[in-house]
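So the structure is just underneath, and the comments pick up after that.
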Amino acid sequence: LQKQIRRTQLAEVFVDLIRKTDDQYAAIKALVHGTDFPDHEHLAKKILCTDEGSEYYKNRFAEIYIDEYQDNSELQDAVISCFANNNVFRVGDIKQSIYKFRYASPSMFLNMMEDYDSPSGNGTLFRLNNNYRSDKNVLSFVNHIFNQIMSSEGSEIEYNDTQALS
């Protein structure tokens, strides 16, 4: 019990330190009129999601292509949706999602895949499972390992025949 209390106290100190550091960082950015990448994303949304910004870009692009969609954040997706006009082509591989630390939301990709895969879906799903560079033995080994370690709890997907490489 004492260990648990000590861990809780340490966690509280750590969280307090992070908040103070974040506050100081924000104060310094304001002082020097600086911005960082997340600020740019929020500014882009603020500009592009106005009626004027949305209309201008909605009519400017015939198609929008997004690669590595599994690593998009909800904010990035919101920015695109401001001027998308049923013309977005997304490519990604949920097994390669590595940017949760910067708010990537692989569940958006999974939800879209499920929607596109359903009979009444709002798009078309193409599965790109063919691997032309690796030997069949390598693919079999990778599929066997992924089948053992990938589950919806840990890696967002149940690795099964629809996910397997061929």
Side-chain angles (χ1 to χ4, degrees), residues 7 11 14-15 18-19 21-22 25-26 35-50 53-166:
R7 285 184 185 148
F14 187 63
V15 167
I18 290 171
R19 283 192 179 123
T21 302
D22 192 49
Y25 179 62
T35 58
D36 57 16
F37 187 73
D39 296 329
H40 296 175
E41 291 176 313
H42 286 281
L43 289 169
K45 183 178 179 199
K46 188 175 182 179
I47 293 167
L48 296 172
C49 291
T50 63
S54 177
E55 274 311 303
Y56 176 79
Y57 285 104
K58 196 173 272 191
N59 296 319
R60 185 138 173 107
F61 299 110
E63 296 170 332
I64 301 169
Y65 295 93
I66 302 173
D67 194 12
E68 304 296 343
Y69 186 71
Q70 76 278 356
D71 290 326
N72 267 24
S73 69
E74 291 184 20
L75 177 58
Q76 291 167 330
D77 205 51
V79 169
I80 295 298
S81 70
C82 291
F83 56 89
N85 198 11
N86 200 25
N87 60 344
V88 181
F89 183 84
R90 298 167 180 92
V91 176
D93 183 351
I94 199 72
K95 297 181 294 298
Q96 295 182 30
S97 181
I98 59 172
Y99 287 105
K100 281 187 180 180
F101 69 90
R102 67 162 181 79
Y103 307 109
S105 182
S107 59
M108 284 187 327
F109 185 61
L110 287 172
N111 293 338
M112 191 165 296
M113 285 177 59
E114 288 174 11
D115 177 41
Y116 286 7
D117 210 21
S118 73
S120 60
N122 295 315
T124 304
L125 177 66
F126 296 97
R127 294 187 187 275
L128 304 175
N129 295 8
N130 292 337
N131 182 313
Y132 300 102
R133 292 187 255 173
S134 300
D135 182 80
K136 293 286 184 199
N137 292 328
V138 171
L139 295 176
S140 178
F141 177 73
V142 168
N143 286 330
H144 176 73
I145 297 297
F146 282 8
N147 210 3
Q148 304 300 311
I149 64 173
M150 293 189 125
S151 66
S152 57
E153 295 85 34
S155 54
E156 307 271 341
I157 63 162
E158 283 297 326
Y159 198 83
N160 55 33
D161 289 341
T162 61
Q163 301 293 331
L165 300 171
S166 59

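Atom set for the values below is all heavy atoms of this structure, side chains included, hydrogens, waters and symmetry mates excluded.
Side chain of Asn59 to backbone of Glu55: a donor-acceptor contact under 3.5 angstrom is found. One N or O on the side chain of Thr50 and one on the backbone of Ile47 form a donor-acceptor pair closer than 3.5 Å. Panel note: side chain Ser54, backbone Cys82; a donor-acceptor pair is recorded below 3.5 Å.
Considering OG1 of Thr124 and OH of Tyr116, their distance stands at 8.0 Å, rounded to 0.5 Å. In this structure, CD1 on Ile80 lies 4.5 Å from CD1 on Ile66, to the nearest 0.5 angstrom. The distance from the CG atom of Asp77 to the CZ atom of Arg90 is 6.0 Å, given to the nearest 0.5 Å. In this structure, the separation between CG on Asn143 and CG on Asn147 is 7.5 Å, given to the nearest 0.5 Å. Distance check: Phe89 CZ to Asp67 CG gives 9.5 Å after rounding to the nearest 0.5 Å. The CZ atom of Arg102 lies 6.0 Å from the CZ atom of Phe37; values are rounded to the nearest 0.5 Å.
Residues passing the salt bridge (Lys or Arg N to Asp or Glu O under 4.0 Å) test with Asp36 are Lys29, sequence neighbours excluded. Taking Ser107 as the reference, Ser105 meet the side-chain hydrogen bond (donor to acceptor under 3.5 Å, both in side chains) condition, with sequence neighbours excluded. Annotation: side-chain hydrogen bond (donor to acceptor under 3.5 Å, both in side chains) contacts of Asn137 (sequence neighbours excluded): Asp135. Here Asn87 pairs with Ile64, Ala84, Asn85 under the side chain to side chain contact (heavy atoms under 4.5 Å, CB included) rule; sequence neighbours left out. Listed by chain and residue number, nothing satisfies the side-chain hydrogen bond (donor to acceptor under 3.5 Å, both in side chains) test with Ser81 (two or more places apart in sequence, or in another chain). Every residue meeting the salt bridge (Lys or Arg N to Asp or Glu O under 4.0 Å) condition with Asp117, not counting sequence neighbours, appears here in chain and number order: Arg127.
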Given side chain to side chain donor-acceptor pair (under 3.5 Å), test Glu68 with Gln70 step by step and report yes or no. CA-CA 5 Å; Glu68 304 296 343; Gln70 76 278 356; 2.7 Å; yes
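In Phe61, the CZ atom is crowded: over 12 heavy atoms of neighbouring residues, nucleotides or ligands sit closer than 6.0 Å. More than 12 heavy atoms of other shown residues, nucleotides or ligands fall within 6.0 angstrom of atom NZ in Lys58. In Tyr57, the OH atom is not crowded: 12 or fewer heavy atoms of neighbouring residues, nucleotides or ligands sit closer than 6.0 Å.
The heavy-atom pair separating Ala78 from Cys49 by the smallest distance is O-SG, 4.1 Å. Contact record, Asn130 with Ser166: OD1-OG, 2.8 Å, taken as the closest heavy-atom pair.
Residues Leu75 and Tyr103 are not in side-chain contact: their nearest non-hydrogen atoms beyond the backbone lie 4.5 Å or more apart.
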